Amino acid sequence: MPDVPSLRAALLDWYDAHARRLPWRAAPGSGQRTEPYRVWLSEVMLQQTTVPHAAPYFERFTARWPTVTDLAAVEDAELMAAWAGLGYYARARNLLACARAVAGTHGGVFPDTEAELLALPGVGAYTAAAVAAIAFDRPANVVDGNVERVMSRLFAVEIPLPAARPELRRLAALFVDAHRPGDWAQALMDLGSGVCRPKSPLCGQCPLTFGCEAWKTGAPALYPLKTKKAARPHRLGHAYVLRDGAGRVALVRRPDKGLLGGMAGLPTSDWSVAAPAFEPPAAGDWRAVGAVEHVFTHFSLTLTVHVGRGDGADFQWTAPETAAKALPTVFRKALERGLAGPD
DNA sequence: GACCCGTGGGT
DNA sequence: TACCCAAGGGT
């Protein structure tokens with residue numbers, strides 16, 4: 001059984017020497033804390049998202065909206081456009097709802113307990129614990145994918161994910177302590193991200209091998225064990241690039257719920273396994289100019305792109321450059337394909 | 001617990 | 001190529 005206090009001390013020492021410098025992180029060793037607003041914003045952006053992808057969004061958001069009160073005052077469409085390309089758009093809707101709740105109910109000040117944080121929109125168990133630990137230095141059990149992997153290896157957990165979650169959470173809780181709780185959470189994530197990596201862990205650089213059960217087995221990369229996932233189905237659809245006499249593009253606002261909810265989009269058919277009918281959103285001359293491929297979390301998609309000319313009151317007519325910036329990636333691809341013309 | 005929800009990089 | 005994976009949350 002790994003010795004928890006020794007491991008904890010070893011990882012904090014490692015963190016003091018190897019902490020990553022990140023835009024939302026106070027300089028390690030400075031004794032400073034990051035403002036709750038910046039911790040919260042970064043944590044939401046980092047949900048299922050890599051650091052390199054999220055970082056430029058974080059810089060743009062904080063430059064444009066320096067406080068949670070500034071963010072709370074933004075119009076929905078402006079916020080969604082600023083989030084375009086980052087994915088998981090429910091996060092953007094919840095981000096705004098959360099900012100408005102903090103600016104309103106909480107007087108512009110983030111609550112400092114896990115329980116109150118957890119009650120905010122878009123803040124789940126992980127994010128509530130992370131904000132409590134990192135922004136307020138409260139001893140919270142911060143468990144993300146990195147922490148699950150590190151725990152599964154330290155203790156050579158033989159239960160496969162996702163069933164192992166409660167056990168991994170219990171193990172992570174053994175390390176929670178009032179001494180440097182914010183640094184502990186970030187140290188664990190830095191280790192998981194840079195050393196205790198999913199595919200080829202760098203055990204030679206790890207400060208915890210002395211107490212790691214998976215390392216003793218000689219095959220640490222086998223952990224965490226996992227149950228197999230179902231295959232991803234493929235769907236087909238049509239996307240319509242409709243332009244008016246001024247060259248503007250017809251956009252629609254998608255319903256608030258479901259895929260790409262609340263985002264601007266091109267008019268499309270349904271997306272289904274069987275080829276959907278070609279039913280353009282306006283009469284006139286249409287021609288197919290090609291297709292684009294896109295992969296979502298639970299299906300992949302081939303979108304046939306059609307170009308036509310027309311008018312209509314049901315659309316938001318937008319200059320192509322403006323449209324591209326506000327669109328989620330699948331539509332940005334389709335728009336670029338449409339504007340490029342036939343092969 | 002199962003399913004839905006994006007995107008881009010790594011292997 | 002076809003996966004896997006990332007500082008998850010909501011329903």
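Lettering follows sequence order; numbering is per chain, from 1. Note that the structure is predicted; figures quoted are calculated from it, not measured.
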- How would you label the contact of A:Lys228 with the nucleic acid (heavy atoms, under 4.0 Å): base, sugar-phosphate, or nothing? nothing

- Have a look at A:Trp40 and say if it touches a base, only the backbone sugar-phosphate, or nothing, with a 4.0 Å heavy-atom cut-off. nothing

- Is A:Leu22 touching bases, backbone alone, or none of the nucleic acid, heavy atoms closer than 4.0 Å? base

- Task: May I ask which nucleotide in the shown strands pairs with C:dG9, Watson-Crick or G-U wobble, both distances under 3.5 Å?
- Result: B:dC4

- Message: By the 4.0 Å heavy-atom rule, please label A:Val123 as base, sugar-phosphate, or nothing.
- Response: sugar-phosphate

- Ignoring hydrogens and angles, state whether a donor on the side chain of A:Glu293 or A:Ser300 is under 3.5 Å from an acceptor on the partner side chain. no

- What residue among A:Glu336, A:Arg254, A:His294 forms side-chain contact (heavy atoms from CB on, under 4.5 Å) with A:Phe331? A:Arg254

- Item | Sugar-phosphate only, base, or nothing, as touched by A:Ser42 at under 4.0 Å among non-hydrogen atoms | nothing

- Message: When you measure from the side chain of A:Thr209 to the backbone of A:Cys203, do you find a donor-acceptor pair of N or O atoms at a distance under 3.5 Å?
- Response: no

- Task: Nearest whole angstrom, please: distance from the C1' of C:dA6 to the NZ of A:Lys226.
- Result: 11 Å

- What is the distance from CG of A:Leu46 to P of C:dA6, rounded to the nearest Å? 13 Å

- Item | Integer-rounded Å distance: C:dG10 P and A:Lys257 NZ | 12 Å

- Task: Starting at atom CG of A:Asp144, determine the distance to atom P of C:dC5, rounded to an integer number of angstrom.
- Result: 14 Å

- Describe the nucleic acid contact of A:Ala54 in one word from base, sugar-phosphate, nothing, applying a heavy-atom distance below 4.0 Å. nothing

- Message: Over 60° means perpendicular and under 30° means parallel, so tell me whether A:Phe315 and A:Trp317 are parallel, tilted or perpendicular.
- Response: perpendicular

- Item | Any A:Arg149 side-chain nitrogen or oxygen under 4.0 Å from OP1 or OP2 of C:dC5 | no

- What is the distance from CZ of A:Phe58 to P of C:dA7, rounded to the nearest Å? 17 Å

- Classify the nucleic acid contact of A:Arg165 as base, sugar-phosphate or nothing, counting any heavy atom under 4.0 Å across all strands shown. nothing

- Query: Without hydrogens or angle criteria, can the side chains of A:Glu158 and A:Tyr223 be said to hold a donor-acceptor pair below 3.5 Å?
  - Reply: yes

- Item | Footprint string (nucleotides 2-11 of chain B, 5' to 3'): B base within contact, S backbone only, - free, heavy atoms under 4.0 Å | --SBBBS---

- With rounding to whole Å, what would you report as the distance between C:dA7 and B:dT11 at their P atoms? 14 Å

- Same-atom distance (P) from C:dC4 to B:dC3, integer angstrom: 16 Å

- Can you tell me the distance, in whole Å, between the CD atom of A:Glu148 and the C1' atom of C:dC5? 13 Å

- Message: Which label fits A:Tyr240 and A:Phe278: parallel for a plane angle under 30°, tilted from 30 to 60°, or perpendicular past 60°?
- Response: tilted

Can you give the donor-acceptor pairs under 3.5 Å from side chains of residues 183-194 of chain A to other protein atoms, not counting sequence neighbours?
residue, atom, partner, partner atom, Å
A:Asp183, OD2, A:Arg180, NE, 3.0
A:Asp183, OD2, A:Arg180, NH2, 2.9
A:Gln186, OE1, A:Arg25, NE, 3.0
A:Gln186, NE2, A:Gly182, O, 3.3
A:Asp190, OD1, A:Arg20, NE, 3.1
A:Asp190, OD1, A:Arg20, NH2, 2.9
A:Asp190, OD1, A:Arg25, NH2, 3.0
A:Asp190, OD2, A:Arg20, N, 3.0
A:Asp190, OD2, A:Arg25, NH1, 2.9
A:Ser193, OG, A:Arg20, NH1, 3.4

